[in-house]
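See below for the structure under consideration.
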Amino acid sequence: MTTTTTETAVRISGLRRTFGDRNVLDGLELDIARGEFVALLGASGSGKTTLLRILGALDAADDGEVLVPRARTIVFQEPRLVPSKKVLANVAVALPRGAATRTRARAALAEVGLERHVDAWPGTLSGGEAQRVALARALVREPELLLLDEPFAALDALTRLRMQDLVGELCRVHRPAVLLVTHDVDEAVRLADRVCVLRDGRLVTDETVAVDHPRDPGDPAFAALRRRLLADLGVHPTAQEIPE
Ligand SMILES: Nc1ncnc2c1ncn2[C@@H]1O[C@H](COP(=O)(O)OP(=O)(O)OP(=O)(O)O)[C@@H](O)[C@H]1O
Ligand SMILES: [Mg+2]
């Protein structure tokens with residue numbers, strides 16, 4: 001894997017990943033500009049996590065070219081905090097020890113609204129709070145590429161909406177390139193500059209989200225894009241479910 005140096009944060013070309021006799025990723029092409037927010041949709045088992053793992057250097061491609069920035073972090077569906085470390089130490093984990101790191105970790109926790117929880121144990125946090133710690137742990141590393149693998153999927157609907165707003169806000173401030181994997185079409189359209197659909201190992205959709213901010217699911221442009229994306233995912237909602 002090589003590091004990108006230009007205005008392009010991610011460049012993927014001809015990416016193949018094979019498990020057994022199945023090409024889970026089969027000639028996938030994707031470029032992400034610096035600061036761009038891309039959402040990736042796809043059926044279960046279509047290879048979304050496989051792609052993220054390759055971008056995060058947790059797995060290797062069988063073929064193709066993958067260029068990513070050196071500074072990149074992944075946030076998973078579950079927070080994966082170290083239970084024996086307090087919240088502040090979890091955020092600072094694997095960073096150089098010292099006052100400067102602690103200050104940065106505190107600032108990251110303040111950004112996700114958890115400044116009062118620096119001395120808490122992970123086991124005492126709610127699901128949403130724990131996921132915000134995971135977000136702070138990612139942010140404190142100042143990633144040029146933020147990889148999010150269904151980071152809100154385990155949260156209740158209200159917390160999920162709040163987390164979406166928080167992530168949108170943090171990304172506008174810090175401007176990492178983002179690849180967000182989600183099953184939630186509305187989440188993708190609310191947050192992303194571009195939405196892609198992965199099917200049969202390739203992107204069958206790669207569309208710029210042309211919906212005005214603040215994005216409202218009742219906006220006809222929002223509804224039309226949702227309908228196209230659901231069709232690409234093989235979901236054909238009844239007319240009753242589609243707001244006009
Ligand atoms: N290490 C592995 N060994 C064998 N098969 C694997 C491995 N990792 C992933 N796969 C297979 O590759 C396919 C894609 O898996 P992946 O986890 O990328 O899907 P996904 O799109 O993230 O699905 P979900 O939406 O359910 O999370 C699946 O069929 C999975 O079983
Ligand atoms: Mg997955």
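Counting starts at 1 for both ligands and their atoms, in listed order. Numbering of residues begins at 1 and proceeds along the displayed sequence. Basis for what follows: all heavy atoms, side chains included, without hydrogens, waters or symmetry-related copies.
Protein heavy atom at the shortest distance from atom 2 (C) of ligand 1 is F19 CE2, 3.4 Å. Of the protein's heavy atoms, T50 OG1, 3.6 Å lies nearest to atom 16 (P) of ligand 1. Summary of contacts: the protein heavy atom closest to atom 26 (O) of ligand 1 is S44 OG, 2.6 Å. Looking at atom 25 (O) of ligand 1, its nearest protein heavy atom turns out to be K48 NZ, 2.7 Å.
Side chain to side chain, D149 and T49 meet the donor-acceptor criterion of an N or O pair below 3.5 Å. Side-chain polar atoms of S13 and R11 form no donor-acceptor pair below 3.5 angstrom.
Checked by atom type and distance alone, the side chain of N90 never pairs as donor or acceptor with a backbone atom of L81 at under 3.5 Å. A donor-acceptor pair is defined here as one N or O able to donate and one able to accept, closer than 3.5 Å; no such pair exists between the side chain of R53 and the backbone of D59. In this structure a side-chain-to-backbone donor-acceptor pair under 3.5 Å is present from R137 to P79. A distance-only check finds a donor-acceptor pair linking the side chain of R199 to the backbone of D232 [under 3.5 Å].
Using 4.0 Å as the threshold, G20 has no heavy atom nearer than that to any atom of ligand 1. Ligand 1 has at least one atom lying under 4.0 Å from a heavy atom of E150. Residue R53 places every heavy atom at 4.0 Å or more from ligand 1. The shortest heavy-atom distance from G42 to ligand 1 is not under 4.0 Å.
Close approach of ligand 1 to S46 (heavy-atom distance below 4.0 Å) involves ligand atoms 19 (O), 21 (O). Listed by number with element, the atoms of ligand 1 under 4.0 angstrom from any heavy atom of R22 are 13 (C), 28 (C), 29 (O). Near H183, meaning under 4.0 Å from any of its heavy atoms, are these atoms of ligand 1: 25 (O).
Counting heavy-atom neighbours within 6.0 Å of R215 CZ, excluding the residue itself, gives a total above 12. Crowding of R194 atom CZ: a count of heavy atoms from other residues, nucleotides or ligands under 6.0 Å exceeding 12.
For T49, the nearest N, O or S atom to the Mg ion (ligand 2) falls under 2.8 Å.
When every heavy atom of C171 is checked against every heavy atom of F37, the shortest pair comes out as SG-CE1, 4.0 Å.
Salt bridge status for E150 with K48: absent, with no side-chain N to carboxylate O gap under 4.0 Å.
The nearest protein heavy atom to atom 30 (C) of ligand 1 is not closer than 4.0 Å.
Of the candidates G45, G201, A43, it is G45 that places a heavy atom closest to atom 19 (O) of ligand 1. Of the listed residues (T18, T49, V24, L40), the one carrying the non-hydrogen atom nearest atom 12 (O) of ligand 1 is V24.
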